[in-house]
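Written out below as structure tokens is the structure these notes cover.
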Amino acid sequence: MEFHHVPILLDSVLEHLNIRPDGVYLDGTVGGAGHSSEILKRISDRGRLICLDQDSTAVETARQRLSAISDRATVIKSNFVNFASVLDDLGIDQVDGILLDLGVSSYQLDNGERGFSYRTDAPLDMRMDQSNPETARDIVNNYSEADLTRILRDYGEEPFARQIAANICRRRQEAEISTTFELNELIRSSIPARARRNGGHPSKQTFQAIRIALNRELQVLEDSMDQMIARLSSGGRLCIITFHSLEDRIVKQAMRKAENPCICPPDFPVCVCGRVSQGRANPRKPILPDAKEQEENPRSKSAKLRVFEKK
């Protein structure tokens with residue numbers, strides 16, 4: 001299937017990246033190149049765009065689409081946690097802007113065989129990087145009940161995590177759980193009828209949790225934030241689009257720490273730790289999609305854009 005991607009909060013991203021024609025920019029999650037295509041159109045032959053993605057299909061799609069616009073884009077298959085070594089290999093010390101569009105892409109959700117969606121019966125996969133030997137099937141069938149409970153609770157904020165984990169472990173003793181619909185049925189039977197009637201799809205939080213755990217999404221984000229801010233040039237912007245509270249909390253806290261890194265006790269009259277602010281969140285609050293975008297692209301409803309500007 002074609003890699004379809006509707007770039008979320010596109011106008012806000014372009015505005016807050018503050019793109020200079022001769023600037024150097026990094027898109028750490030290029031996907032279908034929706035954002036990158038517009039960034040590239042604003043870069044001259046003195047500028048440069050570096051694009052990363054861990055999904056091989058995204059990489060090939062982005063190369064084709066961006067090469068039709070300009071030769072100033074370099075597309076590399078890599079998780080954005082490795083961005084610093086990518087820049088080092090390319091001889092780039094600092095960049096003028098970085099974009100991360102987190103979470104699972106529309107292509108990955110809509111391509112049923114990838115196993116990300118609970119609405120399509122498919123093998124339990126959920127790998128963003130298909131070279132990863134571990135799949136969601138391995139997590140569901142091999143992790144302990146305690147680990148499954150923790151994953152569903154911490155990464156999915158699933159109130160029935162304990163019951164779902166117990167039922168998974170009970171069922172897999174009879175036969176391996178291998179498809180999304182098999183997991184769906186287990187989840188549905190683990191949640192009281194009243195809760196199923198009042199909430200959304202019963203599998204939403206469990207599928208999110210397993211996907212995050214498998215792809216180490218939160219750990220990768222935590223490991224990248226400080227480095228990304230450090231590699232920005234003066235006046236450079238870090239723009240991150242999140243889709244749930246777990247991601248947004250990490251981004252918000254990392255930006256707050258970079259803005260006010262002082263670790264001195266509150267009662268100290270002056271700072272003695274020597275830690276200096278690296279910039280500020282600008283704007284202070286997250287940017288949300290307007291009503292028109294939410295209506296045209298329902299997947300944008302939970303999106304939040306946070307921006308950090310380097311001193």
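Residue indices begin at 1 and follow the sequence shown.
- Residue Val59 forms a side-chain contact (heavy atoms from CB on, under 4.5 Å) with just one option from Val30, Asp53, Leu52, and that option is Asp53.
- Counting only N and O atoms by type, the side chains of Arg114 and Asn111 include no donor and acceptor under 3.5 Å apart.
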query = Would Ile164 and Leu186 satisfy side-chain contact (heavy atoms from CB on, under 4.5 Å), going step by step from the backbone distance to the final call?
reply = CA-CA 7 Å; Ile164 295 171; Leu186 272 172; over 6 Å; no
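- Atoms CG and CD1, from Leu40 and Ile19 in turn, are 9.5 Å apart once rounded to the nearest 0.5 Å.
- Ala258 approaches Phe308 most closely through the heavy-atom pair CB-CZ, 3.7 Å.
- Criterion: ILVMFWY side-chain heavy atoms under 4.5 Å apart, direct or through other members. Under it, Leu17 and Leu288 are not part of a common hydrophobic cluster.
- In this structure, Asp93 and Leu87 have side chains that are not in contact, with every pair of non-hydrogen atoms separated by 4.5 Å or more.
- Distance alone, capped at 3.5 Å, places no donor-acceptor pair between the Ser105 side chain and the Gly31 backbone.
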Residues Ser234, Gln94; criterion side-chain contact (heavy atoms from CB on, under 4.5 Å); working and verdict = CA-CA 9 Å; Ser234 178; Gln94 293 184 315; over 6 Å; no
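- If you check the side chains of Thr29 and Asp101, you find no donor sitting under 3.5 Å from an acceptor.
- Salt bridge Glu222/Arg216: absent, no basic N to carboxylate O contact under 4.0 Å.
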task = Would you sort out whether Arg127 and Asp55 count as a salt bridge (charged side-chain N to carboxylate O under 4.0 Å, His left out), showing the intermediate values?
result = CA-CA 9 Å; Arg127 292 174 296 174; Asp55 189 307; over 6 Å; no
task = Dump the intermediate steps for salt bridge (charged side-chain N to carboxylate O under 4.0 Å, His left out) on Asp248 and Arg306, then the final yes or no.
result = CA-CA 8 Å; Asp248 186 60; Arg306 291 191 185 269; 2.6 Å; yes
inquiry  = Let's go through Ile240 and Leu305 carefully: what are the C-alpha distance in whole Å and the side-chain angles of both, what is the deciding distance for side-chain contact (heavy atoms from CB on, under 4.5 Å) to 0.1 Å, and is it a yes or a no?
reply    = CA-CA 6 Å; Ile240 302 183; Leu305 169 63; 5.7 Å; no
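- A donor-acceptor pair is defined here as one N or O able to donate and one able to accept, closer than 3.5 Å; no such pair exists between the side chain of Asp96 and the backbone of Tyr25.
- The existence of a salt bridge linking Arg72 and Asp45 is excluded, since no basic side-chain nitrogen approaches an acidic carboxylate oxygen closer than 4.0 Å.
- The shortest side-chain heavy-atom distance between His201 and Arg119 falls under the 4.5 Å cut-off.
- We find the CD-OG1 distance between Gln163 and Thr149 to be 9.0 Å, quoted to the nearest 0.5 Å.
- Here the side chain of Ser67 pairs a donor or acceptor atom with the backbone of Gln64 at under 3.5 angstrom.
- Atom-to-atom distance recorded for Lys310:NZ and Arg231:CZ is 10.0 Å, nearest 0.5 angstrom.
- Here the side chain of Gln205 pairs a donor or acceptor atom with the backbone of Gly156 at under 3.5 angstrom.
- Using a distance-only test at 3.5 Å, with no hydrogens or angles considered, no donor-acceptor pair links the side chain of Glu15 to the main chain of Asp11.
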request  = Starting from the C-alpha separation in whole Å, work towards a yes-or-no answer on side chain to side chain donor-acceptor pair (under 3.5 Å) for Asp27 and Ser36.
outcome  = CA-CA 7 Å; Asp27 184 344; Ser36 276; 2.7 Å; yes
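- Put simply, the side chain of Val95 reaches to within 4.5 Å of the side chain of Leu232, judged on heavy atoms.
- Two residues are said to be in side-chain contact when any heavy atoms from C-beta on lie closer than 4.5 Å; Ser302 and Phe243 meet this criterion.
- In terms of hydrophobic clustering, with Ile, Leu, Val, Met, Phe, Trp and Tyr side chains grouped at heavy-atom distances under 4.5 Å, Met128 and Val75 are assigned to different clusters.
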request  = Report the C-alpha separation of Ser245 and Glu157 in whole Å, then their side-chain angles, then the decisive distance to 0.1 Å, and conclude whether the side-chain contact (heavy atoms from CB on, under 4.5 Å) test is met.
outcome  = CA-CA 10 Å; Ser245 60; Glu157 300 177 301; 3.3 Å; yes
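- With respect to the salt-bridge test (charged N to carboxylate O, under 4.0 angstrom), the residues Glu60 and Arg63 qualify.
- Leu221 contributes atom CG, which lies 7.0 Å from atom CD of Glu247 (distance to the nearest 0.5 angstrom).
- Linking ILVMFWY side-chain heavy atoms closer than 4.5 Å, directly or via other members, places Met255 and Val220 in a single hydrophobic cluster.
- Residue pairs meeting the salt bridge (charged side-chain N to carboxylate O under 4.0 Å, His left out) criterion with at least one member in residues 180-189, sequence neighbours excluded, are Glu185-Arg188.
- Here the closest non-hydrogen pair linking Gly112 and Thr120 is CA-CG2, 3.8 Å.
- The main-chain N or O of Ser85 is never found under 3.5 Å from a side-chain atom of Asn82 such that the two would form a donor-acceptor pair.
- When the options Tyr155, Phe181, Tyr118 are evaluated for a ring pair (Phe, Tyr, Trp, His ring centres under 6.0 Å) with Phe207, the one that passes is Tyr118.
- Side-chain contact between Leu183 and Ile210 is present, with at least one heavy-atom pair separated by less than 4.5 Å.
- Within a 6.0 Å sphere centred on NZ of Lys257, heavy atoms belonging to other residues, nucleotides or ligands number 12 at most.
- Judged purely by atom type and a 3.5 angstrom limit, Gln294 uses its side chain to pair as donor or acceptor with the backbone of Pro289.
- Using a 4.0 Å cut-off between charged side-chain N and carboxylate O, Arg211 and Glu217 make a salt bridge.
- The number of heavy-atom neighbours closer than 6.0 Å to CZ of Arg275, taken from other residues, nucleotides and ligands shown, is 12 or below.
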Test log, rule salt bridge (charged side-chain N to carboxylate O under 4.0 Å, His left out), inputs Glu38 and Lys41 = CA-CA 5 Å; Glu38 296 303 319; Lys41 291 174 185 177; 3.0 Å; yes
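- By the criterion of side-chain heavy atoms lying less than 4.5 angstrom apart, applied directly or through intervening Ile, Leu, Val, Met, Phe, Trp or Tyr residues, Ile287 is not grouped with Val251; the two fall into different hydrophobic clusters.
- Between the side chains of Asp125 and Thr135, no donor-acceptor pair of N or O atoms lies under 3.5 Å.
- When every heavy atom of Gly28 is checked against every heavy atom of Phe80, the shortest pair comes out as O-CB, 3.5 Å.
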inquiry  = Under the criterion side chain to side chain donor-acceptor pair (under 3.5 Å), I'd like the reasoning laid out for Asn282 against Glu309: C-alpha separation, chi angles, the key distance, then a yes or no.
reply    = CA-CA 6 Å; Asn282 181 25; Glu309 182 178 356; 2.8 Å; yes
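- The nearest pair of heavy atoms linking Leu9 to Ala303 is CD1-CB, 4.2 Å.
- When hydrophobic clusters are built by joining Ile, Leu, Val, Met, Phe, Trp and Tyr residues whose side-chain heavy atoms come closer than 4.5 Å, directly or via intermediates, Phe116 is grouped together with Leu214.
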request  = Any chance you could lay out the salt bridge (charged side-chain N to carboxylate O under 4.0 Å, His left out) test for Arg172 and Glu176, step after step, and finish with the verdict?
outcome  = CA-CA 5 Å; Arg172 73 191 190 191; Glu176 189 173 67; over 6 Å; no
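- Shown here is Gln219, whose CD atom has more than 12 heavy atoms of other residues, nucleotides or ligands within 6.0 Å.
- Note that OG1 of Thr180 and CZ of Arg137 are 12.0 Å apart. Values are rounded to the nearest 0.5 Å.
- Taken from CD in Gln227 to CD1 in Ile229, the straight-line distance is 11.0 Å, to the nearest 0.5 Å.
- Between Asn184 and Ser203, the shortest heavy-atom contact is OD1-OG, 2.5 Å.
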